[in-house]
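The structure appears below as structure tokens.
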Amino acid sequence: MTLTEGWPEPPAPLPRPVVDNHCHLDTRIRGGALIPVDEALDRAAAVGVTRTVQVGCDLEGSRWAVEVARAQPSVVAAVAMHPNDAARSQTLEADLAEIDRLAADPVVRAVGETGLDYFRTGADLRPLQHHSFREHIRIAKRHDRTLVIHDRDAHDDVLAILDDEGVPDRVVMHCFSGDADFAQRCVERGAYLSFAGTVTFKNAEYLREALRIAPRDRILVETDAPFLTPMPHRGEPNASFLIPHTVRFMAEVLEAPVDELCEAIDANTDRAFGGHWPERVATVT
């Protein structure tokens with residue numbers, strides 16, 4: 001089976017399975033490139049990425065995440081209004097009520113991605129992001145779901161709101177974007193640090209320093225696909241089957257055997273998302 005033109009070739013399989021704890025199987029980029037769900041999951045499983053968390057960023061995406069998780073046992077869902085979408089919504093309270101309703105579904109393991117984004121939202125709309133973030137924290141607690149945090153240029157305010165609301169039992173810092181000091185502050189609050197392809201970028205030594213100080217039992221890996229493609233394919237579309245590049249790079253940074261890091265990531269993901277769920281057996285070779 002040949003991938004759509006423009007997608008990278010798959011890397012060598014990992015020695016042990018890992019989970020892509022944050023991807024967007026429904027998001028098209030680069031002129032509409034999109035791998036069908038079954039093929040995307042098969043290609044990921046073929047290289048050792050046997051489970052997936054499908055993440056919603058708005059109502060449509062959150063509903064879709066639930067539908068896919070119901071149909072695909074190796075997928076669980078995360079539901080939320082992305083902070084940028086929340087800040088621009090004309091029906092935010094109704095949107096939040098719908099997220100609350102969706103979060104009750106058993107296939108939903110997480111509420112997110114929620115949080116703060118000061119890169120794309122100006123100061124005038126930030127109070128709406130703060131309100132939405134607080135409500136998502138409350139929803140996560142109400143349904144005993146993992147809180148998945150999007151944090152862009154807002155480290156201090158993210159932690160301040162978490163502290164004010166009370167940190168949920170399980171928190172994942174999606175696409176961790178801070179330095180070693182911020183990593184330590186997150187870990188002190190019990191958070192898991194999820195590293196994406198950005199950790200492989202040449203200008204991201206601060207992320208590698210954060211990875212080095214992170215406790216081994218708090219490290220996760222993700223794609224944020226179709227974005228943030230790891231080296232050596234930066235600038236090309238991303239997909240779960242490219243996670244081996246990120247994992248092997250992380251192992252080099254940590255001076256750890258790849259199989260041991262895979263085992264840690266897999267176990268950490270179970271704890272971070274409330275327990276194990278079925279793995280996918282690849283049918284694509």
- Query: Taking the side chain as C-beta and beyond, is there a heavy-atom pair between Gln54 and Trp64 under 4.5 Å?
  - Reply: yes
- Quick one: are His22 and Glu113 in side-chain contact, heavy atoms under 4.5 Å? yes
- Approximate separation, where rounding is to 0.5 Å, of Arg134 CZ and Thr114 OG1: 11.5 Å
- Would Arg126 and Asp157 pass as an ion pair if we require N to O under 4.0 Å? no
- Item | Test applied, side-chain hydrogen bond (donor to acceptor under 3.5 Å, both in side chains); reference residue, Ser132; option that passes from His130, Gln129, His136, Glu135 | His136
- Query: Hey, are Asp100 and His143 close enough side-chain-wise for a donor-acceptor pair under 3.5 Å?
  - Reply: yes
- Query: Would a 4.5 Å heavy-atom cut-off, applied to side chains only, mark Pro17 and Glu279 as touching?
  - Reply: yes
- N-O pairing of Arg189 and Asp163 below 4.0 Å: yes
- Message: Can you give me the closest heavy-atom contact between Thr198 and Cys175, atom names plus distance?
- Response: OG1-SG, 4.1 Å
- Message: Would Asp20 and Thr223 count as a side chain to side chain donor-acceptor pair (under 3.5 Å) here? Give the steps.
- Response: CA-CA 6 Å; Asp20 182 356; Thr223 55; 2.6 Å; yes
- Query: Hey, mind stepping through Asp95 and Thr91 against side chain to side chain donor-acceptor pair (under 3.5 Å) and telling me if it holds?
  - Reply: CA-CA 6 Å; Asp95 297 343; Thr91 57; 3.1 Å; yes
- Query: What are the two closest non-hydrogen atoms of Ser89 and Met81, and how far apart are they?
  - Reply: CB-CE, 4.5 Å
- I would like to know whether Arg88 and Thr121 meet side chain to side chain donor-acceptor pair (under 3.5 Å); could you show each step before the answer? CA-CA 9 Å; Arg88 291 162 175 78; Thr121 296; 3.0 Å; yes
- Query: With the threshold set at 4.0 Å, does a side-chain nitrogen-carboxylate oxygen contact exist between Glu252 and Arg248?
  - Reply: no
- Would you say Val221 and Asn21 make side-chain contact, with heavy atoms under 4.5 Å? no
- Short N-O contact, Asp144 and Arg170, less than 4.0 angstrom: yes
- Message: Would you call the rings of Phe182 and His155 parallel, tilted or perpendicular, taking 30° and 60° as the class edges?
- Response: parallel
- Between Thr246 and Leu242, does a side-chain contact (heavy atoms from CB on, under 4.5 Å) hold up when you go through it step by step? CA-CA 8 Å; Thr246 305; Leu242 295 176; over 6 Å; no
- CZ of Arg120: more than 12 outside heavy atoms within 6.0 angstrom? no
- Going by heavy atoms in the side chains, are Trp277 and Val75 under 4.5 Å from each other? no
- Note on the structure: Of Thr52, Asp42, Thr50, the one forming a side-chain hydrogen bond (donor to acceptor under 3.5 Å, both in side chains) with Arg280 is Asp42
- Item | Flag side-chain contact, heavy atom, 4.5 Å: Asp156 against Arg185 | yes
- Task: Check whether more than 12 heavy atoms from other residues, nucleotides or ligands sit under 6.0 Å from atom CD of Glu188, and answer yes or no.
- Result: yes
- Note: Glu98-Arg63 ion pair, threshold 4.0 Å (strictly below): yes
- Any chance the side chains of His24 and Asp224 put a donor and an acceptor closer than 3.5 Å? yes
- Item | Minimum side-chain heavy-atom gap His233-His245 below 4.5 Å | yes
- Taking the side chain as every heavy atom from C-beta outward, state whether Ile99 and Ile139 have any atom pair closer than 4.5 Å. yes
- Query: So, Arg212 and Glu209, do they make that salt bridge, N to O below 4.0 Å?
  - Reply: yes
